[in-house]
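Lettering follows sequence order; numbering is per chain, from 1. Scope of the values below: all heavy atoms of this structure, side chains included, with no hydrogens, waters or symmetry mates.
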There are 2 protein chains.
Amino acid sequence: MTPDDLNTDAASALDPAPSSTGHRNCPVRDVLDRLGDKWSTLILVTLSQSPQRFNALARAVPDISRRMLTETLRHLERDGLIWREVTPSTPPSVRYGLTPLGASLMSPLTELIAWAERHQPEIVAARARFNGRMANS
Amino acid sequence: MTPDDLNTDAASALDPAPSSTGHRNCPVRDVLDRLGDKWSTLILVTLSQSPQRFNALARAVPDISRRMLTETLRHLERDGLIWREVTPSTPPSVRYGLTPLGASLMSPLTELIAWAERHQPEIVAARARFNGRMANS
DNA sequence: CATGTCGGTTCTCTCAAGGTAACTATAGGC
DNA sequence: GCCTATAGTTACCTTGAGAGAACCGACATG
């Protein structure tokens, strides 16, 4: 369980820093950094229902800006979690969907999501207790 | 699977923003924000082995500053994932360990970690392919 | 007398994540 | 002539996470 030192120096020339979170490039950190960002999980869950077009995603994930949608999709595509299919019509059409790798991530991810939904009341209660303890101390 | 709007206004008075990631306070985001930060997962995994004292943790999690260690521990404690036990001796002794809630998180978390370790080669390969495609385009 | 250990707190600084707005080009509808 | 939709790109700005160092008080050790 101790994180291994893996030195993947296949750093992207286009995107400054995929391995920038410190010198120890642990695969877990690699994945959690992606899942921990603001939009990746929402996009993955949305795409797990069915492939979607760019603007459909923008509508399905409210409040995301096109800039962040593009960026997040590129990251997920680079990591092989989603595919991107361009139909060069006018206006152009682009579809996104989960790759087998991305689909395989959904299983542990949905379990984590289920845990979060099951235990959120306990977390809220714990926060209330903690705030109470802090207040009267 | 669509994230619910839950309005937990039990905002901490001491710590500005636990629910600051946008207006839609989804429990999943709540958990992933924590897991996605730089140190929480490492600390949880370390504590899942056995309870640890502050400086033992600092040694077990290399490169973490005392400042971030304190902050991360407080966050985890506030969310009810770890407990904190102070022995007011001189010098004082403080132990940290997983609560039942924190222990219950380890199950989905270790699955996610296992996924990351199993599939990291594919991710690395996907990144290499992606960078290749970008290079000759 | 100086140094180290315990578990932190406080301060300042930087860098990257993310938000917002404007712009691209082509085509169709009103 | 103007607005919409397609899928982005570019430039600019704000904010917050995290780094790093100094400092705390009581005690022990050399």
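- Base contact: Ser65(A) has a heavy atom under 4.0 Å from a base atom.
- In this entry the distance linking CD of Glu71(A) with P of dG18(C) reads 7 Å, nearest Å.
- Residues Trp83(A) and Pro51(A) form a side-chain contact, since some pair of their non-hydrogen atoms from C-beta on lies under 4.5 Å apart.
- Atom CG of Asp33(A) is separated from atom C1' of dA17(D) by 12 Å (rounded to the nearest Å).
- By the 4.0 Å N-to-carboxylate-O rule, Arg66(A) lies too far from Glu71(A) to be salt-bridged with it.
- Looking at Arg127(B) and Glu122(B), no side-chain N of the basic residue comes within less than 4.0 Å of a carboxylate O on the acidic one, giving no salt bridge.
- Look at NZ on Lys38(B): it is 13 Å from C1' on dT14(C), rounded to the nearest Å.
- Separating the C1' atom of dG8(C) from that of dG4(C) is a span of 16 Å, rounded to the nearest Å.
- Between Arg84(A) and Arg74(A), some side-chain heavy-atom pair lies under the 4.5 Å cut-off.
- A distance of about 23 Å separates the C1' atoms of dC6(C) and dA19(D), rounded to the whole Å.
- Considering only residues two or more places apart in sequence or on other chains, Glu85(A) meets the salt bridge (Lys or Arg N to Asp or Glu O under 4.0 Å) condition with Arg95(A).
- Along DNA chain C, the nucleotide nearest to Thr90(A) and the one nearest to Met68(A) differ in position, and the one closer to the 5' end is contacted by Met68(A).
- Between the CZ atom of Arg29(B) and the C1' atom of dA17(C) there is a distance of 13 Å, given to the nearest Å.
- With sequence neighbours excluded, no residue forms a ring pair (Phe, Tyr, Trp, His ring centres under 6.0 Å) with Trp39(A).
- Closest to the side chain of Pro91(B), from the set dC6(C), dG18(D), dA26(D), is dC6(C).
- Salt bridge status for Lys38(A) with Asp63(A): absent, with no side-chain N to carboxylate O gap under 4.0 Å.
- Atom CG in Leu69(B) sits about 17 Å away from atom P in dA21(D), given to the nearest Å.
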Under 3.5 Å between N/O atoms: give me all the protein pairs with nucleotides 7-11 of chain C, atom names plus distance.
from    : atom 1 : to       : atom 2 : distance (Å)
dG7(C)  : OP1    : Arg53(B) : NE     : 3.3
dG7(C)  : OP1    : Arg53(B) : NH2    : 3.3
dG7(C)  : OP1    : Val94(B) : N      : 3.4
dG7(C)  : OP2    : Asn55(B) : N      : 3.2
dG7(C)  : OP2    : Asn55(B) : ND2    : 3.1
dG8(C)  : OP1    : Arg74(B) : NH2    : 3.0
dG8(C)  : OP1    : Arg84(B) : NH1    : 2.4
dG8(C)  : OP2    : Arg84(B) : NH1    : 3.3
dG8(C)  : OP2    : Tyr96(B) : OH     : 2.7
dG8(C)  : O6     : Arg66(B) : NH1    : 3.3
dT9(C)  : OP1    : Arg74(B) : NH1    : 3.4
dC11(C) : N4     : Arg67(B) : NE     : 3.1

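- Rounded to an integer number of Å, the gap from CG of Asp37(A) to C1' of dG16(D) is 16 Å.
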